[in-house]
Amino acid sequence: MRALAQEKIGQAAQRNQIFHKKGIVGVFLIMLAGSLWLGGRLAYLMVFRSEYYMAQAEELHERERSIKAARGEIYDRNGTLIAANRTVCTISVIHNQITDADEVVRVLSEQLELSPEKVRASVEKYSSREVIKTNVDKATGDIIRAFHLDGVKVDEDYKRYYPFGKVASKVLGFTGSDNQGIIGLEVKYESVLKGIDGKILTMTTAAGIELDSMAEERIEPFPGNNLILSLDMNIQQYAQQAAEKVMEEKGALAVNVVIMNPKNGEILAMVSVPEFDLNDPFTLNTVQPEGISSEEKQNLLNQMWRNPCISDTYEPGSTFKIVTATVALEEGVVSVNDTFHCPGFKIVEDRRIRCHKTTGHGSETFPQGVMNSCNPVFIEVGLRVGAEKFYSYYEKFGLMRRTGVDIPGEASGIMHKLENIGEVELATMSFGQSFQITPLQLLTVASMVVNGGTRVTPHFGVEVVSADGSFVKKLEYETEENVISQETCATMKEILELVVSEGGGKNAYIEGYRIGGKTATSEKLPRSSKKYISSFLGFAPADDPQVIALLTINEPEGVYYGGTIAAPVVRDIFENILPYLEIYPEYSQEG
């Protein structure tokens, strides 16, 4: 029995010994597998993921601040600076680098005129960088920099500055707090004017403390390109003064002026008064109503920034007779020798459409009909042309599309569909009613009529140059030649010169100059309101036009006829700008 027990004990011990050996081998294998896995993982991280973790480490230890690039400047055609930059500062703090929070709060709240509570909230915020205030005057930034406060960063930035204030505000537009264009040419040419920001790189500990032993690395910014415009600030200022004067005298809602070179589409001036202050664009140029909501104020600001010369449509009235006459002459349905009779009205279908001279003009030739701005004459001419042919010319002249001017927000005209144009609609369209276009659309078509038949694209941008003044590129625009025959254009210029020398536009006459033009007095909708837009479109010299202008007066009080109140304003503008443009009198009254 004892031998059997000892044998069993021996067998058990042997089994334990085998199990123990297996356990050791198992543990060894597990440890070996773990080591191999860790080694493989380490090799993977070191070989295949090294760039990622190196970037993570750099991100932990590097602090990056941008160096703002100078925005490109804008100049007029004479090299006058009209959109510049002023150096300002951005004040920020880095929490982990601040050694005296109370002193930082005291200095920044005093110098930046902020509440200590607001500054402290930013100082105590755990973040890589907290901006305290932007657009700080450079003088103030220099004072803060002189305190040498740990954790306070003073970085130079740029703020847009407009030396002429309210002049050409709705053309130039302005930039926001980020120095990006918001409206006007500033946003249209954002890609030209915007530079490339630089960087300041500093090395820190994992806690965000700057390492004194590591020098800053700077990547210098690249300034934006400069933009040269066709705008002439001397002409712009004079046109604006003339517009403001007539708006005040007539108690008008608004006055718009566009002055252009009809040969190439370069816009010399575009005025829409009341203008607003480009250096304070978020302050309304009218009295702000009490209790106004932020949404209501934004709507008023949008209206203030709006450029009616390109964004608002209107019924052009008799200035559109230039288009009707051109189409009729081009189609050969009328000649300068044709005669008409005006009894003071014309009946079309069931409508009695009156002339502005209710007693009638009697017998008159076609040029006299234009000089008298006689509606019955143009109704007859329009009916001769026909709706389908008229419509095709509207498309040909570009009245069914935008002009392509280089300012955002351009509207397109509002026209009848061809199938909806009956005789009554055709009659009213022939003298500029029952449809709407923008002032710039009308001026563009009129330019084509007086320049010999070439359709041009109205524009401001002329050339791009680098910050150091070297040439970058000339801006190109689409043109289309021979849209109208030169014969028709020559006849129209002669007729429109008669309008000024002998007809309804005589208040635009300037002694010694050959001026052409057309007046208009269009009644606004609804007709029952008895509100008008008075206008005059003029060009000079009439035989070879170098300048063309359109002026509109919105809702004048009292006398509202375009020939009476709009034509004299264009005359005054021309009297000043023609000699300036080296266009001199050709003759005197005595001669």
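Heavy atoms only: backbone and side chains are in, while hydrogens, waters and symmetry mates are out.
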Trainee: Using a 4.5 Å cut-off on heavy atoms from C-beta on, say whether the side chain of R306 contacts that of K170.
Mentor: no
Trainee: Considering the options I495, V499, N337, which one meets the side chain to side chain contact (heavy atoms under 4.5 Å, CB included) requirement together with P367?
Mentor: I495
Trainee: For F174 and F276, take the angle between the two ring planes, folded into 0 to 90°, and tell me which bin it lands in: parallel under 30, tilted 30 to 60, perpendicular over 60.
Mentor: perpendicular
Trainee: Would you say the side-chain atoms of Q433 and S522 include a donor-acceptor pair closer than 3.5 Å?
Mentor: no
Trainee: Working to the nearest 0.5 Å, report the span between CG of L550 and CG of L443.
Mentor: 5.5 Å
Trainee: Quick one: which of H361, K357, K518, H356 gives a side chain to side chain donor-acceptor pair (under 3.5 Å) with S373?
Mentor: K518
Trainee: List the steps, then state whether side-chain hydrogen bond (donor to acceptor under 3.5 Å, both in side chains) holds for E330 with Y393.
Mentor: CA-CA 10 Å; E330 187 76 354; Y393 271 93; 4.9 Å; no
Trainee: Mind checking what makes side chain to side chain contact (heavy atoms under 4.5 Å, CB included) contact with N554, not counting sequence neighbours?
Mentor: L253, A254, K524, I533
Trainee: Return yes when atom CD of E349 has more than 12 non-hydrogen atoms of other residues, nucleotides or ligands closer than 6.0 Å, and no otherwise.
Mentor: yes
Trainee: With the threshold set at 4.0 Å, does a side-chain nitrogen-carboxylate oxygen contact exist between E497 and K493?
Mentor: no
Trainee: Atom CG in N307, atom CD1 in I183: separation rounded to 0.5 Å?
Mentor: 8.5 Å
Trainee: Would you please classify the geometry between the Y532 ring and the Y560 ring as parallel, tilted or perpendicular, with 30° and 60° separating the classes?
Mentor: parallel
Trainee: Side-chain contact test, heavy atoms from C-beta onward, threshold under 4.5 Å: evaluate it for L475 versus D406 and give yes or no.
Mentor: no
Trainee: Which atom names give the shortest non-hydrogen contact between Y580 and N234, and what distance separates them?
Mentor: OH-ND2, 2.8 Å
Trainee: Taking atom NZ of K166 as the centre, report whether more than 12 heavy atoms of other residues, nucleotides or ligands fall under 6.0 Å from it.
Mentor: no
Trainee: Within a strict 4.5 Å, meaning less than it, do heavy atoms of the I267 and V171 side chains meet?
Mentor: no
Trainee: If you take all heavy atoms of R571 and N507, which pair is closest and at what distance?
Mentor: NH1-O, 3.0 Å
Trainee: Measure the spacing between CG of N420 and OG of S434 and express it to the nearest 0.5 Å.
Mentor: 11.5 Å
Trainee: Give the C-alpha distance, both sets of side-chain angles, the deciding distance and a yes or no for side chain to side chain contact (heavy atoms under 4.5 Å, CB included) between N285 and E275.
Mentor: CA-CA 8 Å; N285 58 4; E275 303 272 358; over 6 Å; no
Trainee: Count the heavy atoms belonging to other residues, nucleotides or ligands that lie under 6.0 Å from CD of Q298, then report whether that count exceeds 12.
Mentor: yes
Trainee: Rounded to the nearest 0.5 Å, what separation is found between the CG atom of L229 and the OG1 atom of T80?
Mentor: 11.0 Å
Trainee: Does N264 form a side chain to side chain contact (heavy atoms under 4.5 Å, CB included) with V456? I'd like the steps, not just the answer.
Mentor: CA-CA 6 Å; N264 58 20; V456 297; 5.6 Å; no
Trainee: Decide yes or no on side chain to side chain contact (heavy atoms under 4.5 Å, CB included) for V255 and I553, but give the supporting numbers first.
Mentor: CA-CA 5 Å; V255 178; I553 305 172; 4.2 Å; yes
Trainee: So, applying side chain to side chain contact (heavy atoms under 4.5 Å, CB included) with Y391, which one of K396, M400, H416 is it?
Mentor: M400
Trainee: Output yes when a side-chain donor or acceptor of E410 lies under 3.5 Å from a complementary backbone atom of T403, and no otherwise.
Mentor: yes
Trainee: For A325, which residues count as a side chain to side chain contact (heavy atoms under 4.5 Å, CB included) partner, sequence neighbours excluded?
Mentor: F366, F378, M492
Trainee: Start with the C-alpha gap between E395 and R401, add the side-chain angles, then the distance that decides, and say whether salt bridge (Lys or Arg N to Asp or Glu O under 4.0 Å) holds.
Mentor: CA-CA 8 Å; E395 292 179 330; R401 61 183 186 272; over 6 Å; no
Trainee: So does E582 have more than 12 non-hydrogen atoms from other groups sitting under 6.0 Å from CD?
Mentor: no
Trainee: Where is the tightest heavy-atom contact between S535 and P316, given as atom of each residue plus distance?
Mentor: OG-O, 4.3 Å
Trainee: How close do P262 and N451 get, counting heavy atoms only, and between which atoms?
Mentor: O-ND2, 2.9 Å
Trainee: Using a 6.0 Å cut-off, check whether atom CZ of F345 has over 12 heavy atoms from anything other than its own residue.
Mentor: yes
Trainee: Quick one: do K346 and E423 make a salt bridge, cutoff under 4.0 Å?
Mentor: no
Trainee: So how far is it from S272 OG to D312 CG, rounded to the nearest 0.5 Å?
Mentor: 8.0 Å
Trainee: Pick out which of Y394, Y314, F431 makes a ring-ring contact (aromatic ring centres under 6.0 Å, His included) with F320.
Mentor: Y394
Trainee: Please determine whether side chain to side chain contact (heavy atoms under 4.5 Å, CB included) holds for the pair I310 and T438, giving the CA-CA distance in whole Å, both sets of side-chain angles, and the decisive distance to 0.1 Å.
Mentor: CA-CA 6 Å; I310 66 163; T438 68; 5.8 Å; no
Trainee: Side chains of I548 and L537: closer than 4.5 Å at any heavy-atom pair?
Mentor: yes
Trainee: For V559 versus K250, what's the shortest heavy-atom pair and its separation?
Mentor: O-NZ, 3.0 Å
Trainee: I want to check something: taking the side chain as every heavy atom from C-beta on, are F340 and V381 in contact at a cut-off of under 4.5 Å?
Mentor: yes
Trainee: Looking at CE of M260 and CZ of F460, how far apart are the two atoms once the value is rounded to the nearest 0.5 Å?
Mentor: 10.0 Å
Trainee: Can E315 and R527 be said to form a salt bridge (Lys or Arg N to Asp or Glu O under 4.0 Å), step by step?
Mentor: CA-CA 12 Å; E315 289 186 330; R527 308 295 184 201; 2.8 Å; yes
Trainee: Which atoms form the tightest heavy-atom contact between S318 and T519, and what is the distance?
Mentor: CB-O, 3.2 Å
